[in-house]
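Each chain gets a letter, A, B and so on, in the order the sequences are listed, and its residues count up from 1. All heavy atoms count here, side chains included; hydrogens, waters and symmetry mates do not.
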Number of protein chains: 2
Amino acid sequence: MIRDSRLSSVLHALLHMAEHDGPMTSEALGRCLAANPVVVRRTMGLLRDAGLVASERGHAGGWRIVADLETVSLRRLHEALGEPAIHALGHRHETPSCLVEQAVNAALGQAMAEAEALLLDRFAQVTLADLARDFARRHAEVRAQKG
Amino acid sequence: MIRDSRLSSVLHALLHMAEHDGPMTSEALGRCLAANPVVVRRTMGLLRDAGLVASERGHAGGWRIVADLETVSLRRLHEALGEPAIHALGHRHETPSCLVEQAVNAALGQAMAEAEALLLDRFAQVTLADLARDFARRHAEVRAQKG
DNA sequence: AATCATGTAACTAGTGATGTTACATGAAGG
DNA sequence: CCTTCATGTAACATCACTAGTTACATGATT
Ligand code: FES
Ligand code: FES
């Protein structure tokens, strides 16, 4: 089980919703993601708290996007999910008194900080609209091959 | 205990060993790392399998470095540890049939691959000797401040 | 009123490093 | 020889975290 696939999940869900008319229920999204509806609510609830989606109960209820696809970047979604840890590696002690460990943490920490900065920068430069366009391109390719 | 701190641990241990005459026991290293001696053996055993350190039993036994500090990079240590996953994030499905998920995985995967490549590159450019020199510099700084 | 769908709490499952106990194996010293 | 020391390794517990599941309350629509 990979550690955290929520960013991947919400992206899949959001693009689905973008291509879909009207709200989508947690159960429908759960079927698409092969995930449990309660987990969908749990995760989408974080996006709702961030003002990116809205939820409604009752008949014809479900989830819908309330943000502009052009302005929502992967980084904003990452933040909406609570900025979970990106790296699986870490230090043993954060603020060691030992000089050796300080040297080790400095070297490791700098490399990891650079990698994290790069990743967040890439995340900031990709929007939901970009992904929707990429999907449309892939879709057209497949149709062209079949036809 | 939140994440994988083995690379940090072995770096700390190796630099300790580098500054120390004769082999160091797992118990002594465990005291320095605030770790269990069995865990030390477990982790150092991977470095031994990679030919970076040697272990001996009995009186005056313990661990010692058998590689050149100048040639052992953080990346080589990372490999010796079995190249554990660097990212805490991941995809839900690796090879999805759904085009939406393919687009999502492509975008996420590229960003993560770039970040991982950068991190491994930084790891490749730092050797144990570099860290030892950094430690010596910090040590001199502290002595200068005290004196 | 019945139905649908979210909101949320509470619990379980699975994963992987780390902690711990226990015992076998081999090397040095007496 | 035999005691001591230290590694080698198995087996199991612990911890943190996401994901899965069950159960029930709440609110909106019909
Ligand atoms: S399963 Fe619905 S588009 Fe991915
Ligand atoms: S505790 Fe020994 S140098 Fe870090």
Side-chain angles (χ1 to χ4, degrees), chain A residues 1-10 12-13 17 20 22-49 53-64 66 78 81-94, chain B residues 1-10 12-13 17 20 22-49 53-64 66 78 80-93:
Chain A
M1 185 191 296
I2 289 182
R3 207 154 176 120
D4 188 346
S5 62
R6 286 179 298 171
L7 183 54
S8 171
S9 289
V10 299
H12 192 170
M17 292 158 67
H20 187 269
M24 289 189 68
T25 68
S26 304
E27 197 191 337
L29 289 173
R31 270 196 304 272
C32 281
L33 307 179
N36 192 286
V38 178
V39 177
V40 171
R41 282 188 210 114
R42 202 185 278 159
T43 310
M44 294 295 288
L46 298 173
L47 302 192
R48 182 195 53 221
D49 297 343
V53 302
S55 58
E56 267 162 315
R57 310 196 228 203
H59 287 78
W63 301 89
R64 63 194 165 81
V66 297
H78 176 68
L81 293 176
E83 303 195 56
I86 284 177
H87 290 111
L89 309 180
H91 302 147
R92 192 159 181 84
H93 306 115
E94 283 310 318
Chain B
M1 195 194 300
I2 296 179
R3 310 176 258 188
D4 187 346
S5 62
R6 287 179 298 172
L7 182 53
S8 170
S9 290
V10 298
H12 191 171
M17 292 158 66
H20 187 268
M24 289 189 68
T25 68
S26 304
E27 197 191 336
L29 289 172
R31 269 197 303 273
C32 282
L33 308 178
N36 192 287
V38 178
V39 177
V40 172
R41 284 198 271 274
R42 204 184 279 158
T43 310
M44 295 294 287
L46 297 173
L47 302 192
R48 182 195 52 221
D49 296 344
V53 302
S55 58
E56 266 163 316
R57 311 198 229 203
H59 287 78
W63 302 88
R64 62 194 166 82
V66 295
H78 175 67
L81 293 175
E83 303 194 56
I86 284 177
H87 290 112
L89 309 180
H91 303 146
R92 192 158 180 85
H93 305 115

[X] [atom1] to [N] [atom2]: how many Å, rounded?
X	N	atom1	atom2	value
B:R6	C:dG19	CZ	C1'	15 Å
B:L7	C:dA17	CG	P	13 Å
B:N36	D:dT14	CG	C1'	12 Å
A:H87	C:dG16	NE2	P	19 Å
A:L33	D:dT18	CG	C1'	15 Å
B:M44	C:dT18	CE	P	14 Å
A:R64	D:dA28	CZ	P	14 Å

(message) Counting only side-chain heavy atoms from C-beta out, which of C:dT20, D:dT21, C:dA17 sits nearest to B:D4?
(response)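 Comparing C:dT20, D:dT21, C:dA17 against the side chain of B:D4, the answer is C:dA17.
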(message) Counting only side-chain heavy atoms from C-beta out, which of D:dT18, C:dA17, D:dG20 sits nearest to A:V39?
(response)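 Among the listed nucleotides, the one closest to the side chain of A:V39 is D:dG20.
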(request) May I ask you to evaluate whether B:R92 reaches the phosphate of D:dG20, defined as a side-chain N or O under 4.0 Å from OP1 or OP2? (result)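 The answer is yes; a side-chain N or O of B:R92 sits under 4.0 Å from OP1 or OP2.
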(request) Look at the side-chain N and O atoms of B:R3 and state whether any lies under 4.0 Å from the OP1 or OP2 oxygen of C:dA17. (result)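 The answer is no; no side-chain N or O of B:R3 sits under 4.0 Å from OP1 or OP2.
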(message) Under the rule for salt bridge (charged side-chain N to carboxylate O under 4.0 Å, His left out), what residues qualify as partners of A:R42, not counting sequence neighbours?
(response)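 Counting only residues at least two positions away or on another chain, A:R42 forms no salt bridge (charged side-chain N to carboxylate O under 4.0 Å, His left out).
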(message) My understanding is that only residues two or more places apart in sequence, or in another chain, count here; which of them pass salt bridge (charged side-chain N to carboxylate O under 4.0 Å, His left out) with B:R64?
(response)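 Only B:E56 meet the salt bridge (charged side-chain N to carboxylate O under 4.0 Å, His left out) criterion with B:R64.
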(message) Each nucleotide in nucleotides 5-10 of chain C should get exactly one letter: B, S or -. Can you fill that in based on protein heavy atoms under 4.0 Å?
(response) SBBBBB
For residues 28-41 of chain B, tabulate all N or O donor-acceptor pairs below 3.5 Å that involve a side-chain atom, not counting sequence neighbours.
residue	atom	partner	partner atom	Å
B:R31	NH1	B:E27	OE2	3.3
B:N36	OD1	B:V38	N	2.9

(request) With sequence neighbours excluded, tell me which residues meet side-chain hydrogen bond (donor to acceptor under 3.5 Å, both in side chains) with A:H20. (result) none
(request) Output all residues satisfying side-chain hydrogen bond (donor to acceptor under 3.5 Å, both in side chains) with B:H93, sequence neighbours left out; order by chain, then residue number. (result)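 Scan of B:H93 (side-chain hydrogen bond (donor to acceptor under 3.5 Å, both in side chains), adjacent residues dropped) gives B:E101.
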(request) Dump the intermediate steps for side chain to side chain contact (heavy atoms under 4.5 Å, CB included) on A:L89 and B:R3, then the final yes or no. (result) CA-CA 6 Å; A:L89 309 180; B:R3 310 176 258 188; over 6 Å; no
(message) Determine whether A:M17 and A:M44 satisfy the following criterion, side chain to side chain contact (heavy atoms under 4.5 Å, CB included), listing intermediate values before the conclusion.
(response) CA-CA 12 Å; A:M17 292 158 67; A:M44 294 295 288; 3.6 Å; yes
